[in-house]
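Order of listing sets the numbers, starting from 1, for every ligand and every atom in it.
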Amino acid sequence: MIEAANRLQTVEEYYFSKKLREVNFLITSGKPIINLGIGSPDLQPPQKVVEAIKEGLLASNAHKYQSYQGLPELREAIAEFYKEHFSVSLSATTEVLPLMGSKEGIMHISMAYLNEGDAVLIPNPGYPTYQSVTKLVGAKPVFYELDAANNWLPDFEALEQLDLSKVKLMWVNYPNMPTGAQPNTYLFEELVAFAKRHNILIVNDNPYSFILNESPKSILSIEGAKDVCLELNSLSKTFNMAGWRVGMVLGDSKHINNILKVKSNMDSGMFYGIQKGAIEALKCSEMWFVTLNSVYKQRRDLVWKLADALNCTYDKNATGLFVWAKLPDSVKAEAYIDSVLKDKHIFITPGTIFGSKGEGYIRFSLCATNEVLEEAIKRVE
Ligand SMILES: Cc1ncc(COP(=O)(O)O)c(C=O)c1O
């Protein structure tokens, strides 16, 4: 018997990897399943992006290994994008590192900064990968709770009460997934001050800034943030390019160099054509965002209707690709979604996969057409 590494005992197979097997089994056995679980954009990327990758295929250097740091033009395009949309100045040479998705960055950053036994502040509820990667590298998750009563923002008084002596890294994610909460005016300033006070590296994971959000913000816009903060971003949701795997990490050159040390030993540069497509995406005009969000607005109206029909409540000011909805009191999320899957053939994500503070909540994805959402409403009304 060849045993798996001990670290595998610290994590379980990703919830969606397991649950989607069950959902796919139902589909192959003929059930008309509506999947409102996962946030995988079903809309097309901009046409010029697809054209650029097609052209990229024919370039003479397309099939070679590419630079670990990405094409200089891609780094320039990322720096320009941050300047234009977030008013953040970045050196394209030293402060920008393209990645194959921001999920990859969570592992790279953890490998670059965490020793066994270090502690990591992780939001509850929060994206499950923060916790699993922390465990895979032998560090210890320390959860900080987000609460509806505090608009799902960190409670700094509670944070100061925690034993922070071993904390080296803190994950934050605003606009927030799964709750859709936006940062208030002071949040990023408070976080930078907190990071400096306790010598903690804060990473803002920022892939949802452009979905149903009027005011995209970056933690790097705060003065002095680069010393203690990094930001992850991604083209997955902003440009419907989730399968292309294009993300980025941004911050001070000393941090970027540390991450590059990990990345260059683990993978190679992104496919040439994908980088050319990403450059085109980053240059999209305001019209792209307006058009994209007009589709999501219609879908969100329908999801609100669906949530009403299921007797859920939700915050109409929330942003992002999901609707985070509260179940009637004392209804348990997992039992509830299992019953909706069985009786109505609709798959919705239970809030508990994001942590104990997700109990009593469910998350609807906006990655389904109006027709599909109307059919879902019909089934529950
Ligand atoms: C909060 C959060 N961070 C990161 C990711 C990963 O995105 P990607 O790796 O596609 O850039 C996701 C994807 O669902 C997410 O919800």
Side-chain angles (χ1 to χ4, degrees), residues 14-17 19-20 35-43 45 49 70 74 78 81 96-110 120-134 144 146 152 154 169-183 202-213 216-219 230-250 259 263 266-267 270 274-275 277-278 281-282 296 318-324 349-351 353-355 357-358 361 363-367:
Y14 195 48
Y15 172 84
F16 280 119
S17 164
K19 195 71 185 178
L20 289 180
N35 187 348
L36 304 181
I38 203 156
S40 180
D42 57 313
L43 297 166
V49 171
L74 174 57
I78 292 173
F81 184 85
V96 170
L97 182 62
L99 302 170
M100 294 186 213
S102 55
K103 193 171 186 181
E104 170 190 87
I106 297 170
M107 176 56 94
H108 287 354
I109 293 167
S110 301
V120 181
L121 288 170
I122 294 175
N124 175 12
Y127 184 48
T129 304
Y130 307 139
Q131 176 186 172
S132 48
V133 166
T134 299
Y144 63 95
L146 307 179
W152 306 104
L169 192 65
M170 175 180 191
W171 292 103
V172 299
N173 160 227
Y174 290 95
N176 186 256
M177 197 291 301
T179 67
Q182 301 205 52
I202 292 190
V203 188
N204 184 41
D205 183 19
N206 192 9
Y208 294 100
S209 260
F210 296 92
I211 311 296
L212 295 173
N213 180 20
K217 290 192 182 71
S218 163
I219 198 165
L230 287 166
E231 187 154 283
L232 284 171
N233 214 318
S234 163
L235 271 54
S236 294
K237 326 284 170 168
T238 309
F239 297 107
N240 303 326
M241 290 164 65
W244 292 46
R245 311 309 302 138
V246 186
M248 61 199 80
V249 57
L250 315 143
I259 299 163
K263 181 175 164 64
M266 281 181 70
D267 57 36
M270 211 185 296
I274 290 184
Q275 297 193 60
L282 291 160
Y296 282 134
T319 63
L321 198 61
F322 305 98
V323 170
W324 179 244
T349 304
I353 77 157
F354 306 106
K357 292 289 287 183
Y361 287 85
R363 190 197 73 170
F364 299 87
S365 162
L366 300 183
C367 300

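Taking the six-membered ring for Trp and the full ring otherwise, the centers of Phe81 and Phe210 sit less than 6.0 Å from each other.
A side-chain N or O of Tyr130 and one of Asp205 form a donor-acceptor pair less than 3.5 Å apart. Side-chain contact of Gln182 with Thr319: a donor-acceptor pair under 3.5 Å is absent, judged by distance alone.
Here Tyr208 contributes atom OH and Lys237 contributes atom NZ; the two are 3.5 Å apart, rounded to the nearest 0.5 Å. Between Thr179 atom OG1 and Tyr361 atom OH the span is 9.5 Å, to the nearest 0.5 Å.
Residue contacts with ligand 1 for Ser102 involve both N, CA, C or O and side-chain atoms from C-beta outward (heavy atoms, distance under 4.0 Å). Proximity of Met177 to ligand 1, defined as any heavy-atom pair under 4.0 Å, is confined to the side chain (atoms from C-beta onward).
Counting only heavy atoms of the protein, atom 10 (O) of ligand 1 lies nearest to Ser236 OG, 2.6 Å. For atom 9 (O) of ligand 1, the closest non-hydrogen atom on the protein side is Arg245 NH2, 2.7 Å. Atom 1 (C) of ligand 1 has Asp205 OD2, 3.4 Å as its closest protein atom, hydrogens excluded (heavy atom only). Regarding atom 13 (C) of ligand 1, its nearest protein heavy-atom neighbour is Lys237 NZ, 3.3 Å. The shortest contact between atom 16 (O) of ligand 1 and any protein heavy atom is with Tyr208 OH, 2.6 Å.
Using 4.0 Å as the threshold, Pro207 has a heavy atom nearer than that to some atom of ligand 1.
Per-residue contacts place Asn173 under 4.0 angstrom from the following atoms of ligand 1 (heavy atoms of the residue considered): 1 (C). Those atoms of ligand 1 that come under 4.0 Å of a heavy atom in Gly101, given as number and element, are 9 (O), 11 (O). Atom numbering of ligand 1 starts at 1 in the shown order; those under 4.0 Å from a heavy atom of Ser234 are 8 (P), 11 (O).
Not a single N or O atom of Glu104, backbone or side chain, sits closer than 3.5 Å to an N or O atom of ligand 1.
Using a 4.5 Å heavy-atom threshold, the side chains of Ser132 and Thr134 count as separate.
Aromatic ring pairs are classed by plane angle as parallel below 30°, tilted from 30° to 60° and perpendicular above 60°; the pair Trp324 and Trp152 is perpendicular.
Between Lys263 and Glu104 a salt bridge is recorded (basic side-chain N to carboxylate O distance below 4.0 Å).
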